[in-house]
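Order of the sequence lines sets the chain letters (A, B, ...), proteins ahead of strands, with each chain counted from 1.
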Amino acid sequence: MNGALEGASGLAVLDVEPEEFNLELTLGCGQVFHWERSGAGYIGLMGEVPVYVEQAGPELRLTAGVEAVASRYFALDHPLEAIYASFPKDPAMNAALEFCRGLRLIRQPLWECVATFITSAMKQVPHITQMSHSLRRTFGSAVSWQTQTLHAYPTPERIAMASEADLRECRLGFRAKNLLGAARMIASGEVDLAAITRLEDEPALRELCRLPGVGVKVANCALLFAYERPRAFPIDVWIERILREIYFTRKRKVTVQRLKKFSESYFGPYSGYAQQYLFHHARKTWKLRGRQTA
DNA sequence: CTCCAGGTTCCGG
DNA sequence: CCGGAACATGGA
């Protein structure tokens with residue numbers, strides 16, 4: 001999984017087992033929203049670092065010099081085989097695993113992740129992507145890369161300086177007020193995202209929920225995608241549907257609280273990974289009322 | 001036109 | 001603790 005060498009194209013190469021890392025799944029499963037297809041791969045930013053990356057089987061080819069940053073961003077150190085071994089062996093989980101094998105939960109910058117999921121409320125993945133790009137172009141610092149200009153996610157300080165009307169220009173709707181409020185609390189030091197790293201799961205969740213627009217679901221997304229808490233289990237409309245229809249068949253009145261208790265005991269120490277696999281598999285294969293959701 | 005989307009918050013039983 | 005409603009916007 002390690003070992004870098006120069007390819008003929010000027011790109012660096014990281015050796016990966018195809019079954020242990022799948023770039024397309026990792027960037028396309030709805031955990032991160034700003035990567036754009038380019039040629040045979042993708043371009044985007046890992047924090048402030050511009051990266052082109054493509055995968056050809058066991059070769060992960062990427063911008064020379066970013067190997068260490070990318071290894072960390074893509075969480076190439078996560079023990080995928082052990083994670084898979086910990087999954088419950090039921091048909092739905094098995095199908096999700098076969099569909100998503102190689103998908104890794106990446107390590108996102110804290111604020112970028114929190115902010116993006118604040119804007120995600122009641123939005124489809126393509127819309128979240130649109131808002132992310134709009135915020136980046138409008139408020140983010142420009143990072144030139146070859147012939148293009150990419151934009152980093154705007155800092156809390158920069159967003160805190162904007163007005164709610166400015167943010168609504170990025171088509172945030174009612175989410176503008178929440179993003180602004182959260183940015184102000186962080187810019188003022190009232191909430192310290194870095195300090196939350198040192199808290200246990202429950203206190204970390206409580207602290208994140210102090211931010212406007214951050215409830216249990218968004219907080220769990222931040223814990224899972226940025227704070228490396230593999231037990232965090234975000235329950236959105238898709239996961240709720242999956243739990244009710246597959247794991248709680250023909251039971252009435254199952255509360256979200258019960259769903260949470262169940263997931264903690266049933267999916268094990270990497271329940272967050274299980275959650276993401278179930279989420280992505282369902283989203284790409286289930287058809288609602290004959291409507292194509294892919 | 002209608003329905004719904006990786007929710008949160010507030011308000012009344 | 002629970003269910004309902006409001007909240008913006010865009011794509012199917």
Spacing between [X] atom [atom1] and [N] atom [atom2], to the nearest angstrom:
{"X": "K260(A)", "N": "dC2(C)", "atom1": "NZ", "atom2": "P", "result": "14 Å"}
{"X": "E240(A)", "N": "dG6(B)", "atom1": "CD", "atom2": "P", "result": "14 Å"}
{"X": "I128(A)", "N": "dG10(C)", "atom1": "CD1", "atom2": "C1'", "result": "13 Å"}
{"X": "N220(A)", "N": "dG7(B)", "atom1": "CG", "atom2": "C1'", "result": "13 Å"}
{"X": "K123(A)", "N": "dG11(C)", "atom1": "NZ", "atom2": "P", "result": "9 Å"}
{"X": "D236(A)", "N": "dC4(B)", "atom1": "CG", "atom2": "P", "result": "16 Å"}
{"X": "F174(A)", "N": "dA5(C)", "atom1": "CZ", "atom2": "C1'", "result": "13 Å"}
{"X": "F233(A)", "N": "dG6(B)", "atom1": "CZ", "atom2": "P", "result": "17 Å"}

(Q) Among residues 162-173 of chain A, which ones have heavy-atom contacts with DNA chain C below 4.0 Å? (A)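 Residues of residues 162-173 of chain A under 4.0 Å from DNA chain C: R168(A), R171(A), G173(A).
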Q) Is F279(A) stacked on the base of dG6(B), meaning ring centres closer than 5.5 Å and planes within 30 degrees of each other? A)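 Taking the rule of under 5.5 Å and under 30°, the ring of F279(A) does stack on dG6(B).
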Q. With respect to the phosphate group of dA5(B), does any side-chain polar atom (N or O) of R241(A) fall under 4.0 Å of OP1 or OP2?
A.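 Yes.
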Q. Does F33(A) have its ring centroid less than 6.0 Å away from the ring centroid of F117(A)?
A.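 Aromatic pair counts; centres sit under 6.0 Å.
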Q: Assign the ring pair Y52(A) / W145(A) to parallel, tilted or perpendicular, where the plane angle (0 to 90°) is split at 30° and 60°.
A: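 It falls in the parallel class, under 30°.
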Q. When all nucleic acid strands are considered with a 4.0 Å heavy-atom cut-off, which category describes I118(A): base, sugar-phosphate, or nothing?
A.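 No contact.
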Suppose you measure atom [atom1] in [N] against the same atom in [M]; what distance do you get, rounded to whole Å?
{"N": "dA5(B)", "M": "dC7(C)", "atom1": "C1'", "answer": "14 Å"}
{"N": "dA5(C)", "M": "dC3(B)", "atom1": "P", "answer": "14 Å"}
{"N": "dG4(C)", "M": "dC4(B)", "atom1": "P", "answer": "15 Å"}

Which residues satisfy the salt bridge (charged side-chain N to carboxylate O under 4.0 Å, His left out) test with [X], sequence neighbours excluded?
{"X": "E81(A)", "answer": "none"}
{"X": "R107(A)", "answer": "D77(A), E228(A)"}
{"X": "E264(A)", "answer": "K260(A)"}

Q: Produce a footprint string for nucleotides 8-13 of chain B: one letter per nucleotide, 5' end first; B if the base is under 4.0 Å from any protein heavy atom, S if only the sugar-phosphate is, - if neither.
A: SS----
Q.
Suppose the criterion is side chain to side chain donor-acceptor pair (under 3.5 Å): which pairs have a residue in residues 193-212 of chain A, not counting sequence neighbours?
A.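 Side chain to side chain donor-acceptor pair (under 3.5 Å) check on residues 193-212 of chain A returns D201(A)-R229(A), E207(A)-R210(A).
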Q | Side chain of V125(A) - closest among dA5(B), dG6(B), dT9(C) | A |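 Nearest to the side-chain atoms of V125(A), counting from C-beta on, is dG6(B).
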Q.
Taking the minimum atom-to-atom distance to the side chain of Q124(A), which one of dC7(C), dG6(B), dT9(C) wins?
A.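 Selected nucleotide (nearest to the side chain): dG6(B).
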Q: Specify the residues of residues 267-277 of chain A, ordered by number, for which at least one heavy atom lies under 4.0 angstrom from an atom of DNA chain B.
A: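 Close to the strand are Q275(A), Q276(A).
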List in chain and number order the residues that pass side-chain contact (heavy atoms from CB on, under 4.5 Å) with [X], two or more places apart in sequence or in another chain; answer none if no residue qualifies.
{"X": "D90(A)", "answer": "P88(A), A92(A), M93(A), Y247(A), Y266(A)"}
{"X": "H151(A)", "answer": "R136(A), R137(A), A142(A), T149(A)"}
{"X": "T147(A)", "answer": "none"}

Q) Listed by chain and number, what are the ring-ring contact (aromatic ring centres under 6.0 Å, His included) partners of Y277(A), not counting sequence neighbours? A)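 Y84(A), F87(A).
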Q) How do T255(A) and Q130(A) order along DNA chain C: which one's closest nucleotide is nearer the 5' end? A)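 Going by which nucleotide is closer to the 5' end, it is T255(A).
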Q) For W35(A), what residues pass the side chain to side chain donor-acceptor pair (under 3.5 Å) criterion, not counting sequence neighbours? A)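 Result, side chain to side chain donor-acceptor pair (under 3.5 Å) vs W35(A): Y73(A).
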Q) Under 3.5 Å, is there a donor-acceptor pair between the Y273(A) and H78(A) side chains? A)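 On atom types as modelled, these side chains qualify, holding a pair under 3.5 Å.
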